[in-house]
2 protein chains.
Amino acid sequence: MADASATPAEPSPLRRQPRQARSQERVRRILAAAEELFVSGGVGSTTTNAIAAKAGVPIGSLYQFFPDKGAILRRLAQGYGEQLHEALAAFAGGEGAALPLEAYITGTVALTDRFFRDHPGYPAIFMDVQATTAELLAIEEEADARLIADWSGTLLERAAAEGATLSAEDGRLIAYVLVKTIGNLLWLAATQEPPLGTQLVREASELAIAYLRRRLAAA
Amino acid sequence: MADASATPAEPSPLRRQPRQARSQERVRRILAAAEELFVSGGVGSTTTNAIAAKAGVPIGSLYQFFPDKGAILRRLAQGYGEQLHEALAAFAGGEGAALPLEAYITGTVALTDRFFRDHPGYPAIFMDVQATTAELLAIEEEADARLIADWSGTLLERAAAEGATLSAEDGRLIAYVLVKTIGNLLWLAATQEPPLGTQLVREASELAIAYLRRRLAAA
DNA sequence: CAAAGAACATGAGCGTTGCTCACGTGCCTG
DNA sequence: CAGGCACGTGAGCAACGCTCATGTTCTTTG
């Protein structure tokens with residue numbers, strides 16, 4: 001537990017890093033099989049034996065790399081979080097940078113919404129969580145923390161550009177509320193029927209804009 | 001599935017309604033034991049045998065009344081939902097009726113926040129859910145539906161009183177967004193450390209007010 | 001290039017959990 | 001008080017997550 005000169009840190013939920021090409025391929029197949037089963041049948045009713053069977057791998061091999069069932073879940077969730085962060089960062093640093101506040105928010109909301117819909121595994125994982133939820137929530141928290149940091153910076157810049165004063169603390173708080181609220185509404189939108197789903201995406205933008213305008217004005 | 005002349009509807013998650021006084025007392029003790037264990041150790045790691053043991057009842061008796069572990073969870077969740085609904089309805093029909101919009105919202109937010117904090121079992125249940133989550137979500141959905149209906153009515157009345165026009169559809173949509181968003185923020189507030197928790201309650205009010213002002217003005 | 005060791009492969013089966021079922025006891029109506 | 005219905009009881013079953021002992025393949029080294 002003390003000496004860890006060889007291991008980089010502890011970011012890997014894997015029990016043993018696959019070094020050979022064949023085993024790396026196996027890990028990929030396990031993750032793919034798990035994602036498919038989680039989406040179609042839910043996390044709770046997907047057995048580890050079923051995952052292994054679908055991946056064409058004996059259970060023993062599955063546990064060679066993943067310490068437990070939750071680790072598979074966590075690995076998938078981590079991947080999703082990183083992908084979303086990168087997509088949003090690209091938008092913020094690219095075409096989004098030139099947009100006015102309202103359009104910037106609408107664009108971000110639309111992008112996040114599309115991400116949820118294009119990756120059905122993301123809602124599926126958080127849809128019916130499981131025993132290991134404490135750690136799963138920690139991962140979601142970590143992903144949110146990145147987004148909050150991003151937003152916090154953006155808000156401070158934009159407030160300054162618009163001549164409003166905004167303390168760093170208030171910036172973080174507002175970013176926190178925005179990330180959590182928009183995430184929640186868009187998650188709902190993704191799991192709802194088309195008419196309501198589309199309306200919710202629009203309302204998410206409206207809500208964010210109204211809140212921001214009020215908070216920036218009150219500074 | 002067809003003939004149901006004897007059963008009133010199907011609102012009871014109980015397998016068999018306890019008719020004698022002794023068995024009713026047993027059901028109460030099972031629910032109390034389950035709540036305590038869920039709060040202290042989480043839902044996932046609480047076994048049905050442990051619930052029965054703490055309640056001083058053999059497992060057989062537990063399953064005499066509850067069809068499965070999830071039913072205990074659902075029964076508790078249902079009770080919470082009804083209590084919150086009644087508390088909010090009492091406020092809306094009582095002292096809240098005379099308050100202006102801003103104060104009304106702040107009051108409702110404060111009341112909901114207190115409810116979450118006074119009933120630690122509520123967050124605990126939704127904290128680490130389990131296999132039966134589909135049905136649990138359905139119950140949460142039902143509780144939210146009641147709150148949304150309440151809000152929807154309140155919004156239409158208040159909009160008319162303020163001279164703004166608001167369609168019934170828009171009223172429902174706005175109520176939906178408000179209930180979901182405030183619930184989410186206050187749930188976060190209840191599970192967060194004091195400084196952030198208190199701020200989040202305030203922000204929930206700010207957010208709701210800003211959103212409502214914008215939506216009522218845009219009519 | 002052979003030998004040694006590390007990484008990987010395999011599946012029978014263990015411990016635990018949610019839950020059943022066959023049988024026994026208490027209560028309550030006619 | 002006799003019949004029946006509701007309730008009480010706990011050994012044990014099926015299914016699950018996961019282990020472990022043993023065998024195989026790859027990589028490194030003298």
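The model shown is predicted, which means the values in this text are computed figures rather than measured ones. Numbered from 1 within each chain, the chains take letters A, B, ... in sequence-line order.
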Starting from [atom2] on [N], measure out to [atom1] on [X] and report it in whole angstrom.
| X | N | atom1 | atom2 | answer |
| --- | --- | --- | --- | --- |
| A:Leu14 | C:dC8 | CG | C1' | 14 Å |
| B:Lys69 | C:dG18 | NZ | P | 4 Å |
| A:Ile51 | D:dC18 | CD1 | C1' | 13 Å |
| B:Gln17 | D:dC7 | CD | P | 9 Å |
| B:Phe65 | C:dC19 | CZ | P | 17 Å |
| A:Arg15 | C:dA9 | CZ | P | 14 Å |
| A:Gln20 | C:dC8 | CD | P | 5 Å |
| A:Gln64 | C:dT10 | CD | P | 10 Å |

**Prompt:** Think B:Lys69 forms a cation-pi with B:Phe66, using NZ or CZ under 6.0 Å from the six-ring centre and within 45 degrees of its axis?
**Reply:**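 No, B:Lys69 and B:Phe66 do not form such a contact.
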**Message:** Using a heavy-atom cut-off of 4.0 Å across all strands, would you classify A:Phe66 as base, sugar-phosphate, or nothing?
**Reply:**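 Since no nucleic acid heavy atom lies under 4.0 Å of A:Phe66, the category is nothing.
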**Message:** Just to be sure I understand the rule, does B:Leu62 reach a base, reach only the sugar-phosphate, or reach nothing, if contact means heavy atoms closer than 4.0 Å?
**Reply:**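 Here B:Leu62 touches no strand at all.
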For [X] and [N], is the shortest distance between a side-chain N/O and OP1 or OP2 below 4.0 Å?
| X | N | answer |
| --- | --- | --- |
| B:Thr48 | C:dG18 | yes |
| B:Arg16 | D:dG8 | no |
| B:Ser23 | D:dC7 | yes |
| B:Arg26 | D:dG8 | yes |
| A:Tyr63 | D:dC18 | yes |

What are the two closest non-hydrogen atoms of [X] and [Y], and how far apart are they?
| X | Y | answer |
| --- | --- | --- |
| B:Ser167 | B:Leu156 | O-CD2, 3.8 Å |
| B:Glu203 | A:Val177 | CB-CG2, 3.8 Å |
| A:Ala175 | A:Trp151 | CB-CB, 3.7 Å |

Looking at the side chain of [X], which of [options] is the nearest nucleotide?
| X | options | value |
| --- | --- | --- |
| B:Pro58 | D:dT9, C:dC8, C:dC19 | D:dT9 |
| B:Thr47 | C:dT17, D:dT9, D:dA6 | C:dT17 |
| B:Arg19 | D:dT9, D:dA6, D:dG17 | D:dA6 |

**Request:** Map B:Gly60 and A:Val57 onto DNA chain C by nearest heavy atom, then report which one ends up closer to the 5' terminus.
**Result:**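 Upstream on the strand: A:Val57.
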**Request:** Considering only NZ, NE, NH1 and NH2 on the basic side and carboxylate oxygens on the acidic side, decide whether B:Asp68 and B:Arg74 come within less than 4.0 Å.
**Result:**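 A salt bridge is present here (some side-chain N lies under 4.0 Å from a carboxylate O).
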